[in-house]
> 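The structure under discussion is supplied below as structure tokens; questions concerning it will follow.
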Amino acid sequence: MESIHSFAQAHAVFLSGLILILAYIFIATEKVSKVTVALIGACAAIFLGLVSQDKTSEGAANAHYYINYIDFNVIFLLISMMIIVSIAAKSGIFNYAAVKMLSLTRGRPIFILPALAFFTAFVSAFLDNVTTVILVMPMTFAIAEKLDINPVPFLIAEIFSSNIGGTATLIGDPPNIIIGSAANLSFMDFINELTPIVAIIMVAVCAFLMFAFRKSLVASEDKIAELARSSGKEKCVTDVSCAVRSIVVLGLVIIGFALHDAIDMQTSTIALMGAAVLLIFEKPEEIFKELEWNTIFFFIGLFIIVGALEASGGIKMMADAILDATHGSQSATSMIILWGSGIISGVIDNIPYTATMAPVILEIEKVMGAEYAHPLWWSLSLGACLGGNMTIIGAAANVIVSENSAKHGHKITFMYFFKYGVIVTGISLAISAVCLWFKFFI
């Protein structure tokens, strides 16, 4: 083992980079489960000694201990929000909200599309994207069936909206959770910096989609009248007491996020407290079965893989390369990160990409200072989250919706989605670039 470790230390940057690249390739091709890829990569990094198994070294804390590279603020925030959302969804409150929103459209498809889009975006700002689309999809299929129209335009709008809306807050999309924890950015920081940009993007994207799908958003007057009469009459809330508890706890958790600096508590602690309160009234073993443990262990493995690259000095090399390419220009660095993140996140999963880039920006911050790095974090968030709209494999929500659509007899092909996705991503990144430029560089 000593000889293996000696060889690995001598070629640490190469080996840690190779592990990360191979992990990316396998994740992108989806031949092997991404959680399996992440855990195998993490085990390889530990086995080779790129990160240490020992908590202490020569009587002192070991900086390269692999546990140190796992961001437990991210892990516990994800787990806690999954618990809260799982319990809340069980009560039916999200379906109830969707029906109420749709009753305002009076059954007109041209109004249903933006209503569903903005509802999806709003919910995605506070819940994870996959949960949001899972909650909204059944309503979408029911509406399309009643109106006897193609549900694909609505589904595509929901995919775009879930990724755009998730960009608005700290907890809306996993990349933001990683960024917030790494940069020590608060819930209100994301609200103040990103929510106005996201609102502008949503208006622009909805306008484009209403124009692009205008010929498909037509239904007979009889069908429209029937939907308008039935909308809102369905019994959606199945457990009133659970719904009330969930709304109160979710509201308090969000208030806690907004005030976490003032009360000096981490967002993960606030979310964990809310989850614990709701679990008092539930059977924990049933709730835990519904959690996305694959996602949690994927994060853990990924943190260790990226930690190996950081320990080897590879992250510092990447940061130096970016600064060299932009000659230290803050605006150029920000734009490269924004557009580069958008394009790359459209091709590969935005979670491993963000987990890799966050330490790079931290390294840039060490060299250039916090003020220089501040807009870079927002460039990374906007690029990574919005870029997921480019292709059908750009984000988990995209895949979930396309698979469900195919099961209902409405296949969404890669190229059909890309035709709209590349335009929506271009609009989103262009608006982001202009907003960032006026906010930070003029």
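Starting from 1, each residue takes its place in the sequence as its number.
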> So which pairs with a foot in residues 425-437 pass side-chain hydrogen bond (donor to acceptor under 3.5 Å, both in side chains), sequence neighbours left out?
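Applying side-chain hydrogen bond (donor to acceptor under 3.5 Å, both in side chains) to every pair that reaches into residues 425-437, excluding sequence neighbours, yields nothing.
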> Could you list the residues that satisfy ring pair (Phe, Tyr, Trp, His ring centres under 6.0 Å) with Phe187, not counting sequence neighbours?
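If we apply the ring pair (Phe, Tyr, Trp, His ring centres under 6.0 Å) test to Phe187, skipping adjacent residues, the hits are Phe257.
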> In this structure, are over 12 heavy atoms from other groups packed under 6.0 Å from Met188 atom CE?
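Yes, the 6.0 Å shell around CE holds more than 12 heavy atoms from other groups.
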> Quick one: side-chain hydrogen bond (donor to acceptor under 3.5 Å, both in side chains) partners of Ser86, sequence neighbours excluded?
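Glu290.
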> Okay, side chain of Thr195, backbone of Ala168: is any donor-acceptor separation there less than 3.5 Å?
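Checked: pair present.
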> Check step by step if side-chain hydrogen bond (donor to acceptor under 3.5 Å, both in side chains) holds for Thr120 and Ser161.
CA-CA 6 Å; Thr120 303; Ser161 301; 5.6 Å; no
> Could you tell me which residues satisfy ring pair (Phe, Tyr, Trp, His ring centres under 6.0 Å) with Phe417, sequence neighbours excluded, listed by chain and number?
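Ring pair (Phe, Tyr, Trp, His ring centres under 6.0 Å) check on Phe417 returns Phe160.
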> Listed by chain and number, what are the ring pair (Phe, Tyr, Trp, His ring centres under 6.0 Å) partners of Phe126, not counting sequence neighbours?
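Checked Phe126 against ring pair (Phe, Tyr, Trp, His ring centres under 6.0 Å); matches are Phe122.
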> Ring centroids only, cut at 6.0 angstrom: are Phe440 and His374 within range, meaning strictly under it?
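Yes, ring centres under 6.0 Å apart.
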> Got a sec, which residues hit side-chain hydrogen bond (donor to acceptor under 3.5 Å, both in side chains) with Thr169, two or more places apart in sequence or on another chain?
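In terms of side-chain hydrogen bond (donor to acceptor under 3.5 Å, both in side chains), with neighbours along the sequence ignored, Thr169 is linked to no residue.
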> Under a 3.5 Å cutoff, is there a donor and acceptor pairing between the side chains of Asn150 and Ser216?
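There is no such pair (donor and acceptor under 3.5 Å, judged by atom type) between the side chains of Asn150 and Ser216.
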> I need the Leu382 CG to Ile197 CD1 distance, nearest 0.5 Å.
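One finds 5.0 Å between CG of Leu382 and CD1 of Ile197.
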> Pair up each side-chain donor or acceptor in residues 241-254 with any protein partner under 3.5 Å, not counting sequence neighbours, and list the distances.
unit_1 : atom_1 : unit_2 : atom_2 : d
Ser241 : OG     : Asp239 : OD1    : 2.9
Ser246 : OG     : Cys242 : O      : 2.7

> List the atom pairs, with distances to 0.1 Å, where a side-chain N or O of residues 199-208 and a protein N or O form a donor-acceptor pair under 3.5 Å, not counting sequence neighbours.
none

> Could I get the full list of side-chain hydrogen bond (donor to acceptor under 3.5 Å, both in side chains) partners for Gln330, not counting sequence neighbours?
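By the side-chain hydrogen bond (donor to acceptor under 3.5 Å, both in side chains) rule, Gln330 matches no residue at all.
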> Can you tell me how the ring of Phe418 sits relative to the ring of Phe414, calling it parallel under 30°, perpendicular over 60° and tilted otherwise?
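Plane angle under 30°, so parallel.
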> With a sphere of 6.0 Å drawn around CG of Asn192, does it hold more than 12 non-hydrogen atoms of other residues, nucleotides or ligands?
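Yes, enclosed.
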> Are there more than 12 heavy atoms of other residues, nucleotides or ligands under 6.0 Å from atom CZ of Phe111?
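Not more than 12 within 6.0 Å, no.
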> Measure the OG-CD distance between Ser16 and Glu310 for me, rounded to the nearest 0.5 Å.
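One finds 10.5 Å between OG of Ser16 and CD of Glu310.
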> Under 3.5 Å, sequence neighbours excluded: what are the donor-acceptor pairs made by side chains of residues 72-82?
unit_1 : atom_1 : unit_2 : atom_2 : d
Asn73  : OD1    : Ser268 : OG     : 2.6
Ser80  : OG     : Phe76  : O      : 2.7
Ser80  : OG     : Leu272 : N      : 3.3

> Tell me if the CZ atom of Phe26 is crowded by more than 12 foreign heavy atoms within 6.0 Å.
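Atom CZ in Phe26 is not packed in, count stays at 12 or less.
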> According to the interplanar angle, ranging from 0 to 90°, do the rings of Trp293 and Phe288 count as parallel (below 30°), tilted (30 to 60°) or perpendicular (above 60°)?
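Perpendicular, since the angle between the ring planes exceeds 60°.
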> Without swapping roles, check the side chain of Ser379 against the backbone of Ser334 for a donor-acceptor pair under 3.5 Å.
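Flag set: sc Ser379 to bb Ser334 pair under 3.5 Å.
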> Using the side-chain contact (heavy atoms from CB on, under 4.5 Å) rule, pick out the option among Leu15, Ile304, Ile305, Leu309 that qualifies with Leu50.
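With Leu50 as partner, Leu15, Ile304, Ile305, Leu309 yield a single side-chain contact (heavy atoms from CB on, under 4.5 Å), made by Leu15.
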> Exactly one of Asn163, Thr132, Thr140 should register a side-chain hydrogen bond (donor to acceptor under 3.5 Å, both in side chains) with Glu158. Which one does?
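The passing option is Thr140.
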> Not counting sequence neighbours, which residues clear side-chain hydrogen bond (donor to acceptor under 3.5 Å, both in side chains) with Thr269? List them please.
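side-chain hydrogen bond (donor to acceptor under 3.5 Å, both in side chains) check on Thr269 returns nothing, list empty.
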> Do Ser341 side-chain atoms and Ile337 backbone N/O form a donor-acceptor pair below 3.5 Å?
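Here the side-chain-to-backbone pair exists.
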> Any sub-3.5 Å donor-acceptor pair from Asp148's side-chain atoms to Ala219's backbone N or O?
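Not a single qualifying donor-acceptor pair exists.
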> Working to the nearest 0.5 Å, report the span between CD1 of Ile40 and CG of Leu22.
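With rounding to 0.5 Å, CD1 (Ile40) is 11.5 Å from CG (Leu22).
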> Answer yes or no: is there a donor N or O on one side and an acceptor on the other, between the side chain of Thr391 and the main chain of Gly346, under 3.5 Å?
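Flag set: sc Thr391 to bb Gly346 pair under 3.5 Å.
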> So, using ring pair (Phe, Tyr, Trp, His ring centres under 6.0 Å) as the criterion, who are the partners of Tyr69 when residues are at least two apart?
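Testing Tyr69 for ring pair (Phe, Tyr, Trp, His ring centres under 6.0 Å), a comparison that skips the adjacent residues, returns none.
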> Testing the basics here: between Ala182 and Leu362, what is the closest heavy-atom pair and its distance to 0.1 Å?
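Closest approach of Ala182 to Leu362, heavy atoms only: O-CD2, 3.6 Å.
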> Has Asn176 got a side-chain atom pairing as donor or acceptor with Thr167's backbone, closer than 3.5 angstrom?
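Answer holds: yes.
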